[in-house]
J.: 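Mind having a look at this structure? Questions to follow.
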Amino acid sequence: MVSRVIPVEPFDLVIFGGTGDLARRKILPGLFRRYCSGQMPRDARVIGAARTDMDETGYREMVAEAIREFGGGRACDDGTLDEFLGQIHYVSIDARGDSGWAELQDLMKGTDRVEAYYFSVAPGLFGDLAERLQSWGMADASARIVVEKPFGRDLRTARDLNATLARYFHETQIYRIDHYLGKETVQNLMAVRFGNMLFEPLWNSQYVDHIQITVAETVGVGGRGDYYDKSGAMRDMVQNHLMQLLCLIAMEPPARFDPDAVRDEKLKVIRALDPVEPHHIVRGQYLAEPGNEAAQPDYRTAVDNPRSRTESFVALKTAISNWRWAGTPFYMRTGKRMVARSSEITVVFKDTPHSIFGEEAGRHRNVLSIRLQPNEGITLGVTIKEPGPGGMRLIDVPLDMTFADALGPEGADQVDAYERLIMDVIRGNQTLFMRGDEVEAAWSWTDPIIEGWEARNDVPKPYDSGSTGPDAADQLMRRDGREWRKVSP
Ligand code: NAP
């Protein structure tokens, strides 16, 4: 099945931080793939902007290298790459100074196309960029800004940042990115829920036993130790990515698939979230990989802070106090250096009210699992009779919709989350971006948890690299007579 490509209108995209890691790994290769697919118009321009003194040729070489290294996906011939590079420009600019702004202003002058400014720089520069875009006359009504995470480190800083951006841009011009929302499966989750009659009637506490969300990474903090140690898993992952997944799984059907209708429903979920009891949350810190301590050190060594109390793992249980979900626990966990890289949402349905097959048939439950990575897809576990003679024995089989299998090679050549989201920015579609009030509500729920840890001087529990986190995370589930899903690659 070949996916339909609808070209977007011509645009100019300025990438502040155009020499950085995110630009090189995701944004630029993603744009190139959209160019190859025909979605990015031939005359669209991409302007890299950073302090490094470099001419256009040097920047184009850097972009070509990044595309070769991180391009992936659909093959494109060298001719197309040269054509694409012809659309790339570079301005040496200082977000905190005056250098480069006149040049950028010149480049952006007199075009009547979509203007987008991607803030792919440290969050401390977001306000400076917004202010300078305005003072140099580039914050006009047609401009859009894309703001990377983290969006604040608590409610106060998120509010301040919202207020700063609101001084120069209207909310409809601000695209707060959470790349989890750009994943194909996440959107498919909405299609499955709201495009089928099958699931929605069962999507409530009467039929759902519990819901699990796991985002497991095998990597450690890597070169981000300094940033990560000031953040931790709660701020870096739960407040944004896991919270967004929770919203999509739990929200009421919006009246329309439009940005504010969807975001209104997500906001209601966050506001209905119960506070987390201290005994319903487990924090962990990873230990070194045995025998490989130099290459894969423990968390504290990796962040160069022997007394660090920052968590690289969180598991928690919460609930949503509304009519649909009262009584259904939601379990979330995320961590680094875990056994496998896997992001999955699992909806575990309740037992049948009565088994006509007797005790020996065992306990069987329908489980809907939505895999975000790797192997994006959706699987529904269904109970059937074990084939063959010998009586009625029941087994669970998966109804599998791994997209790569179901949609063939073309369908499997999926669009990366960043590509999709950038195209949405150009189209002016904010559905998959977080609204300011959503971000603030998420911090309102997260802040007391973090403040509680600080007040109690809570120390994260150590866990083995390559495991599923501290034992206490398993106990959190077992206490309720439940189990985490296996984390498998
Ligand atoms: P990075 O590799 O450190 O790149 C930072 C970029 O900002 C560089 O291009 C740097 O270039 C530029 N820069 C720094 N100071 C500047 C200034 N005063 N004026 C203009 N440009 C300046 O960071 P990154 O990993 O790409 O991350 C960028 C943003 O994306 C951050 O907010 C990060 O939290 C977020 N993010 C990154 C990832 C990721 O995978 N990397 C994932 C999610 C979110 P010069 O030094 O040449 O100025």
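In listed order, ligands and their atoms are each counted from 1.
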J.: Please, which pairs that meet ring-ring contact (aromatic ring centres under 6.0 Å, His included) have at least one residue in residues 416-454, sequence neighbours excluded?
T.: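 Every ring-ring contact (aromatic ring centres under 6.0 Å, His included) pair that includes a residue of residues 416-454, provided the two are not neighbours, is Tyr175-Phe433, His179-Tyr418.
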J.: Test Asp236 against Arg224 for salt bridge (Lys or Arg N to Asp or Glu O under 4.0 Å), laying out the working first.
T.: CA-CA 12 Å; Asp236 192 49; Arg224 295 169 68 223; 3.5 Å; yes
J.: With sequence neighbours excluded, tell me which residues meet side-chain hydrogen bond (donor to acceptor under 3.5 Å, both in side chains) with Lys317.
T.: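 So Lys317 forms a side-chain hydrogen bond (donor to acceptor under 3.5 Å, both in side chains) with Asp480.
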J.: Would you please name every residue forming a salt bridge (Lys or Arg N to Asp or Glu O under 4.0 Å) with Asp94, sequence neighbours left out?
T.: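 Scan of Asp94 (salt bridge (Lys or Arg N to Asp or Glu O under 4.0 Å), adjacent residues dropped) gives none.
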J.: Just the distances, no angles: every ligand 1 N or O to protein N or O pair closer than 3.5 Å, one line each.
T.:
from: ligand 1; atom 1: 2 (O); to: Asp21; atom 2: N; distance (Å): 2.9
from: ligand 1; atom 1: 9 (O); to: Gly17; atom 2: O; distance (Å): 3.3
from: ligand 1; atom 1: 9 (O); to: Thr19; atom 2: N; distance (Å): 3.4
from: ligand 1; atom 1: 9 (O); to: Thr19; atom 2: OG1; distance (Å): 2.6
from: ligand 1; atom 1: 9 (O); to: Gly20; atom 2: N; distance (Å): 3.0
from: ligand 1; atom 1: 11 (O); to: Thr19; atom 2: OG1; distance (Å): 3.1
from: ligand 1; atom 1: 15 (N); to: Arg51; atom 2: NE; distance (Å): 3.4
from: ligand 1; atom 1: 15 (N); to: Arg51; atom 2: NH2; distance (Å): 3.4
from: ligand 1; atom 1: 18 (N); to: Asp94; atom 2: OD1; distance (Å): 3.0
from: ligand 1; atom 1: 19 (N); to: Ala95; atom 2: N; distance (Å): 2.8
from: ligand 1; atom 1: 26 (O); to: Asp21; atom 2: N; distance (Å): 3.1
from: ligand 1; atom 1: 26 (O); to: Leu22; atom 2: N; distance (Å): 2.8
from: ligand 1; atom 1: 32 (O); to: Val121; atom 2: O; distance (Å): 2.7
from: ligand 1; atom 1: 32 (O); to: Lys149; atom 2: O; distance (Å): 3.4
from: ligand 1; atom 1: 34 (O); to: Lys149; atom 2: O; distance (Å): 2.9
from: ligand 1; atom 1: 40 (O); to: Arg25; atom 2: NH2; distance (Å): 2.5
from: ligand 1; atom 1: 41 (N); to: Asp21; atom 2: OD2; distance (Å): 2.7
from: ligand 1; atom 1: 46 (O); to: Arg51; atom 2: NH2; distance (Å): 3.0
from: ligand 1; atom 1: 47 (O); to: Arg51; atom 2: N; distance (Å): 3.4
from: ligand 1; atom 1: 47 (O); to: Thr52; atom 2: N; distance (Å): 2.9
from: ligand 1; atom 1: 47 (O); to: Thr52; atom 2: OG1; distance (Å): 2.3
from: ligand 1; atom 1: 48 (O); to: Arg51; atom 2: N; distance (Å): 2.8
from: ligand 1; atom 1: 48 (O); to: Arg51; atom 2: NE; distance (Å): 2.8

J.: Any salt bridge between Arg68 and Glu65, counting N to O under 4.0 Å?
T.: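 Result for this pair is no, no salt bridge flagged.
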J.: Answer yes or no: is there an ion pair linking Glu9 with Arg113, defined by an N-O contact shorter than 4.0 Å?
T.: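 Between Arg113 and Glu9 there is no salt bridge, as every charged N stays at least 4.0 Å from the carboxylate O atoms.
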